[in-house]
Amino acid sequence: MTITGWSDVRGGRPGRGAAVPAGAERGRAAGRRGGLLRRTVAAAARMTRPDGHGRGALVAFGALAAADLIAVARGPRGWERAAKPLLMPALAAHALRRRPDGKTPAPAPLVAGLACATAGDTALLFDEHEPAFLLGMAAFLGTQVSYTAGYAELGAFRAIRERPLPALGCLAAWAAANAVISPGLEKKLRLPVAGYSLALMTMGAAGLGVGGKVGAGAVAFVGSDLLIGLQAAGRKVPGQELMIMAGYLAGQYLITTGWLEHREEREGSLPG
C-alpha cells in the first residue's frame, strides 16, 4: 500500500524512504544524547578509578606537555595549542587514580586548584582579548587560594612561623615585581594584577613552608606567572612564551606529585 509521506511499510516500520514523525525523531535524538552522556560518564569513571599509582595519567600528562611545548615553540596561539586545556585534567586524573581505593578521597584543594587552572588555561588561549585575560586571571586566583588552603593543611603556616624569612622574601618580591610591572599596565589592570600577584606570592610562601617538591613547584609557578606579568606590561625577553609554559608545567607537576607524596608519608606515619 502507498500513503503520501510513507512508503513500503513492512512489519509495522516505515521503509527506507519513509518520513519519520517529529516526535519519534526527537525521541531518537534524546536517546543519542543520553547514550553519549552515559559513555562520557563511564569513560570518566575509568580514568579516575584508583589503581594505587596513577602512572598512566602521568604518561598522558608528559605526552600532552611535550605536544604543547612543541606548539608553543612554533607559535603561542592557534589550534596547535589544543592540548593545553587537557594538561591539568591529566594531573587531576593522576591524583584520583593514585588513591589506594575508592574510599580514600583525593586532596580536595589540589583537585579544585587543578580544575580552576583548567579554566584559566582555556581562557588564556585567547588572552590577546582583555576579557579573556581577566577571566583567566580570576580562574588562576581560584588556583592560588585552593593551593594555599591545602598547604595550610600540610603545615605550611606552622613552618612559616618557625622560619619567617622565606615568606618575608616573597612579600618583598611582590612589592618589587609590582613596582616594575605596574607602570606598563593600563590603569584598569593595575589593581587586579596587584591583587592576583599578592595571592600568587602568598601561595609561593606557603609552598616554601611545605618545602620539598611542593616548594620547588611553587617557585616555578610564581616565576612563570611573573613572566606573564612582564609580558602584559610590554616587557619581553627571547623565548618568553616557552619559559612561561615550561615553568608552569614543571610547577604544576612538582606541586601535584609532591603534595601526594607528602600526604602519603604523613598517613603512613600515623599509628594503625
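Because the structure is a prediction, the values reported are computed rather than measured. Numbers for residues simply follow the sequence, beginning at 1.
- Rounded to the nearest 0.5 angstrom, Leu226 CG and Gln231 CD are separated by 12.5 Å.
- Looking at Asp68 and Val72, their side chains come closer than 4.5 Å, going by heavy atoms from C-beta outward.
- One hydrophobic cluster holds both Leu200 and Ile228 under the rule that ILVMFWY side chains link at heavy-atom gaps under 4.5 Å.
- Considering every non-hydrogen atom in both Cys170 and Gly204, the closest pair reads SG-C, 4.2 Å.
- The distance from atom CZ of Phe157 to atom CD of Glu162, rounded to the nearest 0.5 Å, is 14.0 Å.
- Side-chain N or O atoms of Ser224 include none that pairs as donor or acceptor with a backbone N or O of Ala220 at under 3.5 Å.
- Met243 and Val219 fall into different hydrophobic clusters, defined by Ile, Leu, Val, Met, Phe, Trp and Tyr side-chain heavy atoms under 4.5 Å apart, directly or through other members.
- Contact of the Val222 side chain with the Met203 side chain is registered, since non-hydrogen atoms from C-beta on lie closer than 4.5 Å.
- Looking at Ser197 and Ile181, their side chains never come closer than 4.5 Å, going by heavy atoms from C-beta outward.
- A side chain to side chain contact (heavy atoms under 4.5 Å, CB included) with Leu69 holds for exactly one of Glu241, Met245, Arg74; it is Met245.
- For Thr257 and Lys213, the side-chain atoms include at least one donor-acceptor pair closer than 3.5 Å.
- In this structure, His94 contributes its side chain and Ala57 its backbone to no donor-acceptor pair below 3.5 Å.
- When atom types are taken as modelled, the side chain of Thr143 and the backbone of Ala117 share a donor-acceptor pair closer than 3.5 angstrom.
- In this structure a side-chain-to-backbone donor-acceptor pair under 3.5 Å is present from Gln240 to Val237.
- Under a 3.5 Å cut-off, the side chain of Asn178 and the backbone N or O of Trp174 do form a donor-acceptor pair.
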Exercise for the section: Determine, step by step, whether Glu153 and Arg263 satisfy the salt bridge (charged side-chain N to carboxylate O under 4.0 Å, His left out) criterion, reporting the C-alpha distance in whole Å, the side-chain angles of both residues, the deciding distance to 0.1 Å, and the verdict. Expected result: CA-CA 10 Å; Glu153 295 176 2; Arg263 194 180 76 151; over 6 Å; no

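- Between Tyr147 and Leu114, the closest side-chain pair of non-hydrogen atoms falls below 4.5 Å.
- How far CD1 of Ile244 is from CG of Leu230: 8.5 Å, rounded to the nearest 0.5 Å.
- Side-chain contact check for Thr202 versus Gln144: every heavy-atom pair is 4.5 Å or farther apart.
- With Arg190 contributing its side chain and Ser182 its backbone, the two residues share a donor-acceptor pair below 3.5 Å.
- Under 3.5 Å, the side chains of Asp121 and Thr118 contain no donor-acceptor pair of N or O atoms.
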Practice task
Apply side chain to side chain contact (heavy atoms under 4.5 Å, CB included) to the pair Arg266 and Glu261, showing each step before the final yes or no.
Solution key: CA-CA 9 Å; Arg266 187 177 62 177; Glu261 289 167 9; over 6 Å; no

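- Leu87 and Ile70 fall into different hydrophobic clusters, where Ile, Leu, Val, Met, Phe, Trp and Tyr are joined by side-chain heavy atoms under 4.5 Å apart, directly or via other members.
- In terms of heavy-atom proximity, Ala167 sits nearest to Ile160 at CB-CG2, 3.8 Å.
- Residues Ala218 and Gly207 share a closest heavy-atom pair of CB-CA, 4.0 Å.
- The distance from the OG1 atom of Thr104 to the CD atom of Glu264 is 10.0 Å, given to the nearest 0.5 Å.
- For the residue pair Ser146 and Trp259, the shortest heavy atom distance occurs at O-CH2, 4.4 Å.
- In this structure a side-chain-to-backbone donor-acceptor pair under 3.5 Å is present from Arg99 to Leu96.
- Proximity of Pro109 to Tyr151: side-chain heavy atoms (C-beta onward) are nowhere separated by under 4.5 Å.
- Using a 4.5 Å heavy-atom threshold, the side chains of Met88 and Leu249 count as touching.
- No single ILVMFWY cluster, assembled from side-chain heavy atoms under 4.5 Å apart, contains both Met137 and Leu135.
- Rounding to the nearest 0.5 Å places CG of Leu189 at 14.5 Å from OH of Tyr196.
- Across all non-hydrogen atoms, the minimal contact from Thr122 to Pro85 is OG1-CB, 3.5 Å.
- If you chain together hydrophobic residues whose side chains sit under 4.5 Å apart, Leu208 and Leu110 never meet in one group.
- By the ring pair (Phe, Tyr, Trp, His ring centres under 6.0 Å) test, Phe61 pairs with no residue at all, sequence neighbours left out.
- Rounding to the nearest 0.5 Å gives a distance of 4.5 Å between CG of Leu91 and OG1 of Thr256.
- The two residues Ala106 and Ala95 have their closest heavy-atom pair at CB-O, 4.1 Å.
- Looking at Tyr248 and Asp225, their side chains never bring a donor and an acceptor atom within 3.5 Å of each other.
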Exercise for the section: Assess whether side chain to side chain contact (heavy atoms under 4.5 Å, CB included) is satisfied between Arg97 and Arg55, documenting all intermediate values. Expected result: CA-CA 8 Å; Arg97 288 185 67 81; Arg55 284 190 288 269; over 6 Å; no

